[in-house]
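Take a look at the structure below.
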Amino acid sequence: MTYQEATSVRRLDDDRWETQFAEDWDIMGFTNGGYMLAIASRASSEAVRGRAPVSITGHFTRAGHTGFAEAETEIIRHGRRFSVVRSRLIQDGEIVLVTLGTFAESEDEEPEVLLSDAKPPDLPPPEECQRALPATDAPFPPPSVGQVDMRVGPTLVGTFAGKPSGQALIDGWIRPKDDEATDPHFLVVASDAFPPTTFNAGLPIGWTPTLELTVHTRFPATTGWIRCEFKSRFVSGGLIEEDGLFWDDEDRLIGQSRQLALVSK
């Protein structure tokens, strides 16, 4: 199944959509949070005539699983430039995700950059990096890794080999598999596709459920590889914050993310 098919929604009426949490987009049987947020982002975008996400925040209330789900959308404001949409994903009669997002028409011109105080991670080219594949006899790497084309950077190779670096840092390349075209919603998928930074810090490895995830998009979606870097500075009270940055193949910053999750036990 392609990325577009796996995140597709079908309109039921003015503010209701049906979707399917696809097989193998899961971690230990629980549907990946970034993937669920991308579905909500797509439903919200369709509600405002295809405007692209500028910022979307999701609060996860229950774990999702493979199978049928519905999205409910509510247009809070539909202005000349920006629309604000609230959505809910519902599965088995229970809310699993609540979102609030700002959406806008795609810009035809190159956006002006007034300040950029970050550089992309220094990674070997994707073709020289190891492709991440799901494990066949262990829970990690999870099945969701196989639904994208992920190439792991030097910081992640040791993590997959059971030799974490001790740094709460993960980087690598990502794109839809099979050279499928991407779109702004794929950045939402990318924000939660890589292993948690705690895995590389030598902390316990297990399901790390997301409580809240916010994604900002800054440029039109790239058609090539996306270079990603995730860092954490604080792990306390059973919670981890994780900041992500995304660059395209022209070294333009195209997105940012912040996630709050529970630490594995």
Side-chain angles (χ1 to χ4, degrees), residues 1-22 25 31-108 111 147-148 176 180-193 210-223 246 254-259:
M1 180 179 291
T2 67
Y3 149 70
Q4 295 283 347
E5 292 170 340
T7 58
S8 64
V9 296
R10 188 178 74 85
R11 185 187 290 271
L12 295 174
D13 54 39
D14 288 346
D15 56 8
R16 292 175 57 247
W17 316 78
E18 67 175 7
T19 187
Q20 187 86 9
F21 294 167
W25 279 90
T31 301
N32 176 268
Y35 165 69
M36 290 168 55
L37 186 59
I39 291 176
S41 177
R42 190 176 297 283
S44 298
S45 173
E46 291 293 326
V48 288
R49 304 171 189 171
R51 288 187 168 186
V54 175
S55 173
I56 186 166
T57 296
H59 290 264
F60 296 83
T61 58
R62 292 176 181 270
H65 61 81
T66 300
F68 176 81
E70 286 192 13
E72 295 179 351
T73 58
E74 178 187 2
I75 301 173
I76 306 301
R77 182 178 185 273
H78 188 61
R80 183 178 60 84
R81 290 189 60 197
F82 298 103
S83 298
V84 178
V85 184
R86 182 160 47 208
S87 78
R88 305 191 305 175
L89 286 186
I90 300 170
Q91 189 173 51
D92 301 330
E94 302 283 357
I95 298 172
V96 296
L97 174 63
V98 178
T99 79
L100 186 65
T102 297
F103 296 78
E105 301 290 347
S106 298
E107 298 285 346
D108 294 329
Q147 303 309 304
V148 295
E180 182 185 359
T182 189
D183 59 25
H185 308 291
F186 186 74
L187 274 182
V188 182
V189 172
S191 71
D192 196 35
T210 303
L211 298 180
E212 182 267 334
L213 176 59
T214 296
V215 181
H216 298 166
T217 64
R218 293 188 171 272
F219 276 86
T222 178
T223 57
F246 309 93
I254 58 173
Q256 299 168 265
S257 68
R258 166 158 281 202
Q259 179 173 171

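- Side-chain contact between E74 and D15: absent, with no pair of heavy atoms (C-beta onward) separated by less than 4.5 Å.
- Here the closest heavy-atom approach between residue A104 and residue F82 is recorded as CB-CD2, 3.7 Å.
- Here salt bridge (Lys or Arg N to Asp or Glu O under 4.0 Å) pairs that include residues 43-60, with residues two or more places apart or in two chains, are R51-E105.
- Contacts of F103 classified as ring pair (Phe, Tyr, Trp, His ring centres under 6.0 Å), with partners at least two apart in sequence or in another chain: none.
- For S44 (side chain) and A40 (main-chain N/O), a donor-acceptor pair under 3.5 Å exists by modelled atom type.
- By the side chain to side chain donor-acceptor pair (under 3.5 Å) test, S191 pairs with no residue at all, sequence neighbours left out.
- In terms of the side chain to side chain donor-acceptor pair (under 3.5 Å) criterion, S257 has no residue partners (sequence neighbours excluded).
- Panel note: side chain D192, backbone N32; no donor-acceptor pair is recorded below 3.5 Å.
- Each salt bridge (Lys or Arg N to Asp or Glu O under 4.0 Å) pair with one or both residues in residues 1-13, not counting sequence neighbours, appears once here: R10-E18, D13-R16.
- Nearest approach of A181 to Q4, heavy atoms of both residues: O-NE2, 4.0 Å.
- M1 and A6 get closest at one heavy-atom pair: SD-CA, 3.5 Å.
- Side-chain contact check for F21 versus H65: every heavy-atom pair is 4.5 Å or farther apart.
- With T102 contributing its side chain and V54 its backbone, the two residues share no donor-acceptor pair below 3.5 Å.
- Side chain of T217 to backbone of P53: a donor-acceptor contact under 3.5 angstrom is found.
- For the atom pair E70 CD and R88 CZ, the distance stands at 10.5 Å (nearest 0.5 Å).
- To the nearest 0.5 Å, atom OG1 of residue T57 and atom NE2 of residue H216 are 6.0 Å apart.
- Here the straight-line distance linking atom CD of E212 with atom CZ of F60 works out to 8.5 Å at 0.5 Å rounding.
- When side chains are defined from C-beta on, R42 counts as touching D183, because their heavy atoms get closer than 4.5 Å.
- Summarising the geometry of L213 relative to Q259, their closest heavy-atom pair is CD1-CB, 3.8 Å, with the distance given to 0.1 Å.
- The backbone N or O of E180 lies less than 3.5 Å from no partner atom in the side chain of Y3, so there is not a single donor-acceptor pair.
- The side chain to side chain donor-acceptor pair (under 3.5 Å) search around W25 returns none, not counting sequence neighbours.
- Each of T214, L100, L37, L187 was compared with I56 under the side chain to side chain contact (heavy atoms under 4.5 Å, CB included) criterion, and only L37 meets it.
- Remark: the T99 side chain and the S87 side chain contain an N/O donor-acceptor pair separated by less than 3.5 Å.
- For the pair F186 and T7, the minimum side-chain heavy-atom distance is 4.5 Å or more.
- Across all their heavy atoms, H185 and S41 have their closest contact at ND1-OG, 2.8 Å.
- Of the options T31, I90, L89, a side chain to side chain contact (heavy atoms under 4.5 Å, CB included) to V96 is made by L89 and by none of the others.
- Contact between V188 and A38 at its shortest, heavy atoms only, is CG1-N, 3.6 Å.
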